[in-house]
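Structure below; questions to follow.
Just so it is clear: chains get the letters A, B, ... in the order the sequence lines come, proteins before strands, and each one is counted from 1.
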Amino acid sequence: MRYWLMKSEPSDVSIDDLAGFENQTVDWYGVRNYQARNFMRDQMQVGDGVLFYHSNCDEPGIAGIAEVATLAYPDRLQFIEGHKYFDPKATPETPRWFNVDVKLVRKTRLLSLKEMRETPELENLRILQRGNRLSITPVDPRDWAFILEQLK
DNA sequence: GCCAACGTTGGC
DNA sequence: GCCAACGTTGGC
């Protein structure tokens with residue numbers, strides 16, 4: 001059992017969008033970074049905890065709790081010619097990009113990036129490190145427990 | 001394998 | 001819209 005922070009732009013998929021989806025689940029499409037892909041493909045297990053983070057928006061921060069709902073499988077968008085996420089080097093036989101499904105557990109209050117930065121207990125959180133851009137990062141179990149406490 | 005040029009991310 | 005930080009590409 002591991003814990004993750006996963007960024008989503010709310011203009012693409014927000015926590016409220018997720019709540020409205022069938023089974024409150026979304027396929028985590030569009031990851032085109034090898035490190036983030038490897039986390040999904042090689043490490044994620046069904047039931048892993050997810051902090052659902054709103055990025056590139058007015059109020060960046062953690063907006064809800066979710067969980068990994070499937071093992072990783074090929075991202076279907078890599079095969080769709082003309083699509084933003086099309087990858088000409090990927091084939092169904094040798095897919096390059098993978099995604100898991102993510103299911104909502106519950107929407108929470110917004111734990112803003114600002115508040116996280118002001119919380120000394122969270123200083124080691126990957127998302128707060130300088131220059132961090134990875135859209136998927138592991139979360140230490142103690143950080144997970146601390147954050148869940150803040151979101152009660 | 002090096003590294004300059006370019007593209008992307010994402011907070012501000 | 002700016003731009004720092006980082007990742008990728010491709011010539012050599």
Going by an N to O cut-off under 4.0 Å, is there a salt bridge joining A:Arg32 and A:Asp75?
yes
Provide, to the nearest angstrom, the distance between the CD atom belonging to A:Glu9 and the P atom belonging to B:dG10.
7 Å
Length of the NE2-C1' vector between A:His54 and B:dT9, whole Å
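Checked: the NE2 to C1' distance equals 17 Å.
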Mind checking whether A:Phe52 and A:Trp28 have parallel, tilted or perpendicular rings, split at 30° and 60°?
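Aromatic pair A:Phe52/A:Trp28 classed perpendicular.
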note: A:Asn33, atom CG; B:dG10, atom C1'; distance rounded to Å ~ 14 Å
Looking only at heavy atoms, which two atoms of A:Met40 and A:Val100 are closest? And how far apart?
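Closest heavy-atom pair between A:Met40 and A:Val100: SD-N, 3.7 Å.
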Is there a side-chain polar atom (N or O) of A:Lys7 under 4.0 Å from OP1 or OP2 of B:dG10?
yes
Give me each pair satisfying salt bridge (Lys or Arg N to Asp or Glu O under 4.0 Å) with a member in residues 100-111 of chain A, each pair once, sequence neighbours excluded.
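Qualifying pairs: A:Asp16-A:Lys107, A:Arg109-A:Glu115.
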Scan nucleotides 5-8 of chain B against the protein and return all N/O pairs shorter than 3.5 Å with their distances rounded to 0.1 Å.
from  : atom 1 : to       : atom 2 : distance (Å)
B:dT8 : O2     : A:Arg133 : NH1    : 2.4

Looking at A:Asp48 and A:Arg2, does any basic side-chain N land under 4.0 Å from a carboxylate oxygen?
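Salt bridge absent between A:Asp48 and A:Arg2.
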In whole Å, what is the span from the NZ atom of A:Lys114 to the C1' atom of B:dC12?
13 Å
Nearest-Å distance, CE (A:Met6) to P (B:dT9)?
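To the nearest whole Å, that distance equals 15 Å.
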Checking all strands, does A:Arg130 fall into the base, sugar-phosphate, or nothing category for heavy-atom contacts under 4.0 angstrom?
sugar-phosphate
Rounding to a whole Å, what distance do you find between A:Asn132:CG and B:dG10:C1'?
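Between C1' of B:dG10 and CG of A:Asn132: 10 Å.
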Smallest separation among heavy atoms of A:Asp27 and A:Tyr73, with atom names:
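Closest heavy-atom pair between A:Asp27 and A:Tyr73: CB-OH, 3.3 Å.
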How many Å lie between CG on A:Leu128 and P on B:dG11, as a whole number?
11 Å
Residues A:Asp140 and A:Arg142 bridged, charged N to O under 4.0 Å:
yes
Closest nucleotide of DNA chain C for A:Lys89 versus for A:Gln35: which of these residues is on the 5' side?
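Its nearest nucleotide being more 5', the pick is A:Gln35.
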Nearest-Å distance for atom pair CG/P, residues A:Asn56 and C:dC3:
17 Å
